[in-house]
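The sequence lines fix the lettering, A, B, ..., with proteins before strands; numbering per chain opens at 1.
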Number of protein chains: 2
Amino acid sequence: MSGTKPGRQLLRQEVVDGIKRYILEERLRPGDPLPTEPALCEALGASRSSVREAVKILDALDIVEVRHGHGTYVGRLSLSALVESLTFRGLLSPDDDFQVMADLVDVRELFERGMADRIVSQLSTEQLDALDALVATMRETGAREGHGFVDADRAFHALLVAPLGNELIGQLSMAFWDVYTIVAPHLDGFTQADETETITAHQNIVDAARAGDITGFMKALGEHYAPVRRRIAEARSRR
Amino acid sequence: MSGTKPGRQLLRQEVVDGIKRYILEERLRPGDPLPTEPALCEALGASRSSVREAVKILDALDIVEVRHGHGTYVGRLSLSALVESLTFRGLLSPDDDFQVMADLVDVRELFERGMADRIVSQLSTEQLDALDALVATMRETGAREGHGFVDADRAFHALLVAPLGNELIGQLSMAFWDVYTIVAPHLDGFTQADETETITAHQNIVDAARAGDITGFMKALGEHYAPVRRRIAEARSRR
DNA sequence: GCAAATTTGTCCGTATGTATC
DNA sequence: AGATACATACGGACAAATTTG
């Protein structure tokens, strides 16, 4: 008689809601510790299995973070779930997987072009110098095979939207960048980007921003994303 | 002797990857059935607990969909995980929860203003009529308490970005709309929107779009989002 | 309408891996 | 090194939901 009366809703979902409520009512912050599994079992009236499955769900959403042998903590609330979900969508779509990529790039470009005026006007001298340094890094590590190039590219676009003071745009921008770089290598007939062309495009973006030239800034952004869009279209037509 | 030697990676994560790989290699589509839990256990060499926890993770990401007493199927790959994650972030943030909301609204406005030219030029007559019909619905159901008003508002913004042909923008736009409407009622000192003002703003948007007036379209969008941003700022300063 | 079959949901007991002190 | 606390994993049993004959 291991009594179990879910009545209306799944017990697992009640545990999920219970843990959420606990975090909210206790005013916990990311990194704060949560009760142990046995403690959650007693507090929420559920078995280890139900509690564990609920914790795994919250872990997948980065609402909770589990450290083996250490404990359970409030998560960082990142957009990691979005990356996972979109990445799989890009890998799965059999017919229009290139459309998924094209949509992704469109949104990234929209973020930077649509906020061009605010970006150019709010970029500090220090940030402009940092952008220049990242382009220099791309030049130096371009030949080698290390992660230096892609890391600099990622940091460049992160820094570009940083002055907006909009955390969501920054995190979405990076999430889409991650999905793109993960999915792209898995697509058939997808040609690699020309590094020299990429470096020049990034340099033009910084130069225009430093000159306060919004029109030139948007033009440079267009010349940065045009080759990306072109390669997607080419790979698509290659079928 | 219930042997368990995770050796390198967590078994649960290997099961997650195994199920993903199965879906990809079998070229499954959303809605297609997956093997039963016992079958997955044997195929992946894991106990039922591990398989179930893995399935729950994939379910949270909408990569898999579980129906009690029926079976497990490939999920719809929606952005439901993003909604869950962002909603909780909005509810949790103790100090700058209003900043989360402001960022959200900024992105929604960016989608519509940044794509204004394409929206206005690509909206069909049928779509414009549908937008008018939705505004009419908002007028009629404005007084009553039903869901009619908010549903029409949601459908309006969904239809507005539909002609872009960018699924991602449409889904993100709706995800942010959902998060906003879920979180807003939980914020202290948050005043409700004035319905008459909202209806007028939406009508102006449709009218400008039908006239092909891009400038007027963007102006109408600005007048739609300005009150939202103002209410957020007011509630924030009220602390 | 009922009963059986199938599948997921929940519980319990036990043993092992991991991290901290 | 040992002890402790915690999450990880296993296996079996029963409950609940759904479909089917």
Side-chain angles (χ1 to χ4, degrees), chain A residues 1-19 22-23 26 28 30-76, chain B residues 1-19 22-23 26 28 30-76:
Chain A
M1 175 105 126
S2 51
T4 153
K5 22 190 126 63
R8 293 196 29 81
Q9 200 176 15
L10 259 42
L11 179 55
R12 185 205 319 129
Q13 189 56 42
E14 287 182 11
V15 175
V16 166
D17 295 338
I19 296 176
Y22 175 84
I23 296 175
E26 298 293 326
L28 301 184
D32 287 350
L34 262 57
T36 65
E37 286 179 354
L40 287 174
C41 291
E42 182 161 6
L44 300 171
S47 71
R48 260 90 75 196
S49 316
S50 299
V51 169
R52 282 183 58 80
E53 290 178 10
V55 168
K56 265 60 203 173
I57 291 174
L58 294 171
D59 184 82
L61 302 173
D62 204 16
I63 290 176
V64 144
E65 179 185 346
V66 180
R67 275 179 261 173
H68 190 170
H70 198 271
T72 308
Y73 303 83
V74 179
R76 318 216 83 81
Chain B
M1 176 100 125
S2 51
T4 155
K5 13 188 122 67
R8 293 187 33 78
Q9 199 177 13
L10 259 43
L11 178 56
R12 182 201 324 123
Q13 189 57 41
E14 288 182 10
V15 175
V16 166
D17 296 337
I19 296 176
Y22 176 85
I23 296 175
E26 297 293 324
L28 300 185
D32 288 350
L34 263 57
T36 65
E37 288 178 352
L40 287 174
C41 291
E42 181 161 9
L44 299 172
S47 73
R48 216 187 141 202
S49 318
S50 300
V51 168
R52 281 185 57 79
E53 289 178 12
V55 167
K56 264 61 210 172
I57 291 174
L58 294 171
D59 184 81
L61 302 173
D62 204 16
I63 290 176
V64 143
E65 180 185 347
V66 180
R67 276 179 259 173
H68 190 174
H70 197 270
T72 309
Y73 305 82
V74 178
R76 310 255 252 350

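Out of D:dA7, C:dT10, D:dG11, the shortest distance to the side chain of A:E53 is found at C:dT10. Each of C:dT8, C:dT10, D:dT19 was ranked by its minimum atom distance to the side chain of B:T72; first place goes to C:dT8. Distances were taken from every side-chain heavy atom of B:E37 (C-beta onward) to each of D:dC10, C:dG9, C:dT10; the shortest belongs to C:dG9. Counting only heavy atoms from C-beta on, A:H70 has its side chain closest to C:dA19 among D:dA7, C:dA19, C:dT10.
Within the nucleic acid shown, B:S49 comes within 4.0 Å of at least one base atom, counting heavy atoms only.
Rounded to a whole Å, the CD atom of A:E14 is 14 Å from the P atom of C:dG9. As a whole-Å value, the separation of A:R52 CZ from C:dT14 P is 18 Å. Rounding to whole angstrom units, CZ of residue A:R12 and C1' of C:dT10 are separated by 10 Å. A:R48 has its CZ atom 16 Å from the P atom of D:dA5, to the nearest Å. Taking atom CD on B:E42 and atom C1' on D:dG11, their separation rounds to 15 Å, with Å as the unit. Between A:L10 atom CG and C:dC11 atom P the separation is 11 Å, expressed in whole Å. The distance from atom CZ of B:R67 to atom P of C:dT7 is 14 Å, rounded to the nearest whole Å. Taking atom CD of B:Q9 as the reference point, atom P of C:dT18 lies 13 Å away to the nearest angstrom.
You'll find a donor-acceptor pair under 3.5 Å spanning the side chain of B:H68 and the base of C:dT8, going by distance alone.
Each of A:V51 and B:P38 was assigned the nucleotide of DNA chain C with the nearest heavy atom; the assignment lying further toward the 5' end belongs to B:P38.
Pairing each heavy atom of A:P30 with each of A:G75, the nearest pair is CB-O, 3.2 Å.
Checked for salt-bridge contact, B:R52 and B:E37 meet the test: a charged N lies under 4.0 Å from a carboxylate O.
Of the options B:L34, B:V16, B:V64, a side-chain contact (heavy atoms from CB on, under 4.5 Å) to B:V55 is made by B:V64 and by none of the others.
Other residues, nucleotides and ligands contribute over 12 non-hydrogen atoms within 6.0 Å of the CZ atom of A:R67.
Using a 4.0 Å cut-off, some side-chain N or O of A:K56 falls inside it from OP1 or OP2 of D:dT8. Applying the 4.0 Å criterion to OP1 and OP2 of D:dC10, one finds that B:S50 has a side-chain N or O inside that range.
Contact of the B:D59 side chain with the B:T72 side chain is not registered, since no non-hydrogen atoms from C-beta on lie closer than 4.5 Å.
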